[in-house]
Amino acid sequence: MYIIFLGAPGAGKGTQAANVAKKRGLTHIATGDLFRQAQEQKTELGLKARSYMEKGQLVPDEITIKMVVERLSATDCRSGAIFDGFPRNLEQAKALDKALAAQGKAVDKVIYIKVSEEELVKRLSGRWICRNCQTPYHEVSSPPRVKGKCDKCGGELYQRSDDTIDTVKQRLKVYFSQTVPLIDYYSRAGKLIEVDGEGAVDKISGRIVSAIGGEKGR
Ligand code: AMP
């Protein structure tokens, strides 16, 4: 089963994709995490992506699509995957359709996590993330038990350099102009399922799991 998690930055795609991937035994592919890892490891990919990410712009399709196609060819993606943060424009959506079709597969469902714009800005400014396990926290709505430390693994919490107010605004602008057309694209394909992304994290996960249906690993 190949599932896309669609939604604005701050909609909770990362948290929900990680939860649902675990519950359903699917591989979680987060392009933002792949780029950040590449930057930490100072690889050529990381260097290429850096300037775009810092400005809140999309990394060019050529680079992003190549990275995803390579990731998809790994054995842990053979029976399915959850895409988080990909595709982010029509070009990428079409490239994903093509890459899956080449293996006789297709996108099964697209979960569109809907959150109001006001809530998005609130969530993104004040967000802290575990450097080790990527669990997100929020200064006001979900602070860690010990300041600066992850509740789950004790890892150090950090603020993403692109979570500053100006970059957040730019990322939202990019989302509305380039990613929102995908809602129509997948809706026409009969694959879109809209889920309310506001409220308790576990409740939202429950809504998504029932929207996906089916059995574990399929
Ligand atoms: P995210 O962690 O998904 O918010 O992504 C952080 C940043 O990584 C984005 O603002 C982009 O610069 C880059 N990025 C992540 N996914 C993609 C993608 N599918 N296409 C282009 N750039 C991406």
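Since this is a predicted model, take the numbers as computed values, not measurements. Residue numbers start at 1 and run along the sequence shown.
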query = Taking C-beta and beyond as the side chain, do L26 and V20 meet within less than 4.5 Å on heavy atoms?
reply = no
ask   = Does some side-chain heavy atom of Q57 sit less than 4.5 Å from a side-chain heavy atom of R171?
value = no
Rounded distance (nearest 0.5 Å) linking atom NE2 of H28 with atom NZ of K22 = 13.0 Å
request  = Look up atom CD1 in I4 and atom CD in Q92, then write down how far apart they are to the nearest 0.5 Å.
outcome  = 10.5 Å
ask   = Can you list the residues that meet the side-chain hydrogen bond (donor to acceptor under 3.5 Å, both in side chains) rule with D184, with sequence neighbours excluded?
value = R188
query = When clusters are formed from ILVMFWY side-chain contacts under 4.5 Å, directly or step by step, what else is grouped with Y158?
reply = I129
query = Heavy-atom distance under 4.5 Å between the side chains of L96 and Y2, does that happen here?
reply = no
key: Gap separating the CG atom of D162 from the CZ atom of R36, nearest 0.5 angstrom   = 6.5 Å
task = To the nearest 0.5 angstrom, please state how far the OG1 atom of T64 sits from the CZ atom of R88.
result = 9.0 Å
ask   = Is the number of heavy atoms from other residues, nucleotides or ligands within 6.0 Å of NZ (K149) greater than 12?
value = no
request  = Could you grab the distance from atom NZ of K13 to atom CG of L6, nearest 0.5 Å is fine?
outcome  = 8.0 Å
K66/E62 salt bridge by N-O under 4.0 Å criterion = no
inquiry  = Between D97 and K94, does any side-chain N to carboxylate O distance fall below 4.0 Å?
reply    = no
message = Can you give me the closest heavy-atom contact between I183 and Y112, atom names plus distance?
response = CD1-CZ, 3.5 Å
Side chains of residues 195-213: which donor-acceptor pairs under 3.5 Å do they make with residues two or more places apart or in other chains?
from: D196; atom 1: OD1; to: E198; atom 2: N; distance (Å): 3.0
from: E198; atom 1: OE2; to: S116; atom 2: N; distance (Å): 2.9
from: E198; atom 1: OE2; to: S116; atom 2: OG; distance (Å): 3.3
from: S205; atom 1: OG; to: Q16; atom 2: OE1; distance (Å): 2.6
from: S205; atom 1: OG; to: N19; atom 2: ND2; distance (Å): 3.0
from: S205; atom 1: OG; to: V201; atom 2: O; distance (Å): 3.2
from: R207; atom 1: NH1; to: D196; atom 2: O; distance (Å): 2.5
from: R207; atom 1: NH1; to: E198; atom 2: O; distance (Å): 3.4
from: S210; atom 1: OG; to: G206; atom 2: O; distance (Å): 3.2
from: S210; atom 1: OG; to: R207; atom 2: O; distance (Å): 3.2

key: 4.5 Å side-chain heavy-atom contact, R131 and L157   = no
request  = Using a strict 4.0 Å threshold on nitrogen-to-oxygen distance, state whether D76 and R71 make a salt bridge.
outcome  = yes
ask   = How far apart are the C-alpha atoms of E117 and F176, what are their side-chain angles, what is the distance that settles it, and do they pass the side chain to side chain contact (heavy atoms under 4.5 Å, CB included) test?
value = CA-CA 10 Å; E117 204 177 332; F176 287 110; 3.9 Å; yes
query = Considering only heavy atoms from C-beta outward, does the side chain of H138 approach that of K122 to under 4.5 Å?
reply = no
key: Heavy-atom check, side chain of C150 versus side chain of P144, under 4.5 Å   = no
query = Rounded to the nearest 0.5 Å, how far apart are CD1 of I3 and CE of M1?
reply = 5.0 Å
query = Are the side chains of N89 and L182 in touch, meaning some heavy atoms are under 4.5 Å apart?
reply = no
ask   = L90 and Y185: side chain to side chain contact (heavy atoms under 4.5 Å, CB included), yes or no, with the steps?
value = CA-CA 8 Å; L90 277 172; Y185 179 77; 3.6 Å; yes
ask   = Does the pair R127/D163 count as a salt bridge with the N-to-O cut at 4.0 Å?
value = yes
message = For E119, is there an ion pair with K114 - N to carboxylate O distance below 4.0 angstrom?
response = no
message = Are L172 and V121 packed together at the side-chain level, in the sense that at least one heavy-atom pair is separated by less than 4.5 angstrom?
response = yes
